[in-house]
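Since we're looking at a predicted model, the values are computed, not measured.
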Amino acid sequence: MSVHESGLNRRDVLKAAAVVSGGAVLGLPGGTAAAKRIKAAPALVGAIRWDAWVGGDSHVGSTVNRTLSPQQYQFRLPYYAQITVPNRLLINQNFDAETTGAAPSGWTVSSPAGTTVSVVDGPDRTGKTVHLHDESTTLMASMAHTFAGQSRAVTVQWDWKETVAGKWARALLVAGSTAAVDIATNTDASGKHLVMRAPDGSWKTLQDVTDDTWYTIKVIADPAPPGETPWVDVYVNGVRRISHAALLVTAPTFDSLALRTNEALTSDLYVDNVSVAVTESVNTNGATQAIMDQEIQYAAAAGIDYWAFVYYPQDPLNRARNLYLSSTHRNDVSWCALLDGNFTGAFDANLPALASHWSESNYQKVLGGRPLVYFLSGADADKVAKLRAKATELGVPNPYIVVMAWTAQGAADLKTTVGADAVSRYATGGVNGATYASLAAAEAGLWNDYSTAAGQVVPTVSTGWDNRPRYDYPVSWIADYTPLKDNWSQQATPAEIASHLGAAITWGAGHAASSPANTVLIYAWNEFDEGGWICPTLYEIRDSGRPLRLDAIAGVSRTGLTKRRGH
């Protein structure tokens, strides 16, 4: 029977094929739950796509690669990612297992007359540190550690303190015999400072320092950033103190780290927790036709009706959407636009391209053919009016416009001001390791709050929230990243995500007047570094051979009803 003759669309056929095959190809979910959805699936399930996963040949791709490079975050890598540097740590030493009184292992130590370099207990922290004691006014104490030469970015971190601050303690990231980054402490008439040497020989003040106080210094040095000149960022106690400063040499190959006192001053310097790591040790390039086709199959088999693409007009962030539109499988999962400043910043220029898709069969429509459009930001009355006027011009039904805001009243006010149809929310988060159950409960309460304040609502179903990767490797589009350190909730199990999705569908079924579009929106398909995803992950497929979150989602009733036993 042909697709046309059966009355089923291509997405239904793919789901049925997954049932018949048991999802053997690609580990796709199957089973009787998918078969039941072919008969009745009234609730539309959408998922947000944020398509920065374009590989390390661009600024954006390189940035998100770095967020997921630390070992503790690699479990979030999408299934198509590559771990390019399996052992990213070049130095990783806290000295706790070393012999008190001895020189630190692995380091080349210089301790001429009047100086010592040795492992000591404490003195004011648990474990051991290295003490560089310098009573000489002509010689210095130093410790240096070589590592495999790196022509790619590295992240260097250490803790240090001077008993008396500002004594020209020095840390140097070295390439061959030349310092590429030079950080020190100094004292002048205005006080005691942490400083960094510029290529012209001057010293840039990073911040003040005080006596007998530990500071954690992190340096990210990139000798060949995509589309940029080489740069170095310096963080002190988690706060970026200088951004994209010039390296001291061009095209360096980093190969050693040195810490030392000053030959002309007496001082006591303590060092702890030293590490050097390859900054970008993974490559998450999903911008190929084969991967997009595979993602469509994963989503369709799990019953994802549409993707809400964060609509970027510009390359490389438009690559995934373009690959979707060029896919021979594009009708198996529909799509709609989620607009933010990247689109609205040139709204008039971008609108025709978006509107040209509204009449196409795979553009998601609700309420009898109305094209679905979300605004994450940038909505105003003029833009909403232009969307509706463009639809009239093209002879397509009036768009169903949903505006997002972080509070119920804010959403209600925005809806009224701009003339939108409904409200929603991009995501719901948690802090300080809140349980996923508490996140889901809070979000379920927001469905009522938003509908009470604003009337029509598209319930958001967040699959998680953990922004800590963007604290470790800040992204350029978040100015104040420091709160992200505590901005996280615990990971959800597949069953918890499925339960939350089922609750949203049930809520919509029981609040038909507030949810006339009969859709829910999952955060997110692929917000891996921000903490919400359902796209299969590398570890998930490697360890289980199944897309576990999608398997669970596939089993959720789209009617909000539970089938009675024996029927």
Side-chain angles (χ1 to χ4, degrees), residues 93-96 104 107 111 114-137 139-144 155-173 179 181-198 201-221 232-243 245 248 257-276 471-472 474 480-486:
Q93 206 162 3
N94 65 9
F95 310 107
D96 290 349
W107 294 79
S111 52
T115 72
T116 59
V117 179
S118 61
V119 176
V120 298
D121 293 315
D124 56 353
R125 54 174 44 192
T126 302
K128 300 178 182 181
T129 64
V130 177
H131 181 199
L132 288 79
H133 177 65
D134 185 352
E135 295 182 357
S136 173
T137 56
L139 302 170
M140 65 180 176
S142 68
M143 54 189 287
T155 300
V156 185
Q157 187 163 306
W158 69 94
D159 299 345
W160 70 359
K161 76 164 185 174
E162 294 171 291
T163 303
V164 178
K167 291 277 194 162
W168 278 100
R170 203 87 166 260
L172 304 103
L173 176 60
V181 179
D182 189 354
I183 293 175
T185 66
N186 73 358
T187 302
D188 61 22
S190 65
K192 302 174 180 182
H193 317 289
L194 184 73
V195 295
M196 186 176 79
R197 181 157 60 97
S202 63
W203 291 90
K204 169 72 175 179
T205 297
L206 304 179
Q207 70 169 56
D208 292 343
V209 292
T210 57
D211 295 350
D212 207 28
T213 300
W214 285 98
Y215 295 93
T216 297
I217 315 296
K218 180 168 74 172
V219 172
I220 303 175
V232 57
D233 287 357
V234 180
Y235 302 77
V236 184
N237 295 340
V239 178
R240 184 164 47 205
R241 292 302 185 184
I242 197 162
S243 178
L248 298 178
L257 172 67
L259 298 117
R260 69 192 197 199
T261 63
N262 182 271
E263 62 269 25
L265 300 171
T266 62
S267 65
D268 286 285
L269 172 66
Y270 293 88
V271 175
D272 199 6
N273 298 326
V274 182
S275 66
V276 178
Y471 175 83
D472 292 346
D480 183 10
Y481 64 91
T482 52
L484 303 184
K485 182 179 181 181
D486 302 317

Quiz item: Taking the inter-plane angle between the rings of F95 and W107 on a 0 to 90° scale, is it parallel (under 30°), tilted (30 to 60°) or perpendicular (over 60°)?
Solution: tilted
Quiz prompt | Qualifying residues under ring pair (Phe, Tyr, Trp, His ring centres under 6.0 Å), relative to H131, sequence neighbours excluded | solution = H133, Y270
Self-check item: side-chain contact (heavy atoms from CB on, under 4.5 Å) between V236 and I217, worked out
Solution: CA-CA 5 Å; V236 184; I217 315 296; 4.1 Å; yes
Exercise. Nearest 0.5 Å please: distance from the CG atom of L132 over to the CE atom of M143.
Key: 6.0 Å
Exercise. Working to the nearest 0.5 Å, report the span between CG of L194 and CH2 of W203.
Key: 10.0 Å
Self-check item: Heavy-atom side-chain contact between K167 and L269 under 4.5 Å
Solution: no
Self-check item: T216 and D159: side chain donor to acceptor below 3.5 Å
Solution: yes
Quiz prompt | Candidate pair D480 and T482, rule side-chain hydrogen bond (donor to acceptor under 3.5 Å, both in side chains), full reasoning | solution = CA-CA 6 Å; D480 183 10; T482 52; 2.7 Å; yes
Quiz item: Do any N or O atoms from the side chain of T129 and from the backbone of D272 form a donor-acceptor pair under 3.5 angstrom?
Solution: no
Quiz item: Does a donor on one side chain and an acceptor on the other come within less than 3.5 Å for S275 and N273?
Solution: no
Exercise. Specify the closest pair of heavy atoms between A171 and W158, including all atoms of both residues, with the distance to one decimal.
Key: CB-CZ2, 3.3 Å
Quiz item: What pair of heavy atoms forms the shortest contact from G238 to Y481, and how long is it?
Solution: O-OH, 3.0 Å
Practice problem: Indicate the atoms forming the closest heavy-atom contact of S142 with V117, along with that distance. | Solution: O-CG2, 3.9 Å
Quiz prompt | Side-chain touch V219/V232, heavy atoms, less than 4.5 angstrom | solution = yes
Exercise. Not counting sequence neighbours, which residues clear salt bridge (charged side-chain N to carboxylate O under 4.0 Å, His left out) with R240? List them please.
Key: D233
Quiz item: Would you say L248 and V181 make side-chain contact, with heavy atoms under 4.5 Å?
Solution: no
Self-check item: Under 3.5 Å: donor-acceptor pair, side chain of D96, backbone of K128
Solution: yes
Quiz item: What is the distance from atom OH of Y215 to atom NZ of K161, rounded to the nearest 0.5 Å?
Solution: 11.0 Å
Quiz prompt | Exam field: side chain Q207 to backbone R241, donor-acceptor pair closer than 3.5 Å | solution = no
Self-check item: Nearest non-hydrogen partners of V209 and A165, listed with the distance
Solution: CG2-CB, 4.0 Å
Quiz item: Checking side-chain contact (heavy atoms from CB on, under 4.5 Å) against V274, which of L257, V130, V156 comes through?
Solution: L257
Quiz item: Any chance the side chains of T163 and D268 put a donor and an acceptor closer than 3.5 Å?
Solution: no
Practice problem: Using distance alone, with no hydrogens and no angle criterion, decide if D134 and S136 have a side-chain donor and acceptor under 3.5 Å apart. | Solution: no
Quiz prompt | Partner residues of R197 under the salt bridge (charged side-chain N to carboxylate O under 4.0 Å, His left out) criterion, sequence neighbours left out | solution = D182
Quiz item: Roughly how far, to the nearest 0.5 Å, is the CG atom of N237 from the CH2 atom of W214?
Solution: 12.0 Å
Practice problem: Calculate, to the nearest 0.5 Å, the distance between atoms CD1 and CG belonging to I183 and L173 respectively. | Solution: 9.0 Å
Quiz item: Taking 4.0 angstrom as the limit, do K192 and D211 come out as a salt bridge?
Solution: yes
Quiz item: T261 and T115: side-chain contact (heavy atoms from CB on, under 4.5 Å), yes or no, with the steps?
Solution: CA-CA 10 Å; T261 63; T115 72; 5.6 Å; no
Practice problem: To the nearest 0.5 angstrom, please state how far the CD1 atom of I242 sits from the NZ atom of K204. | Solution: 5.5 Å
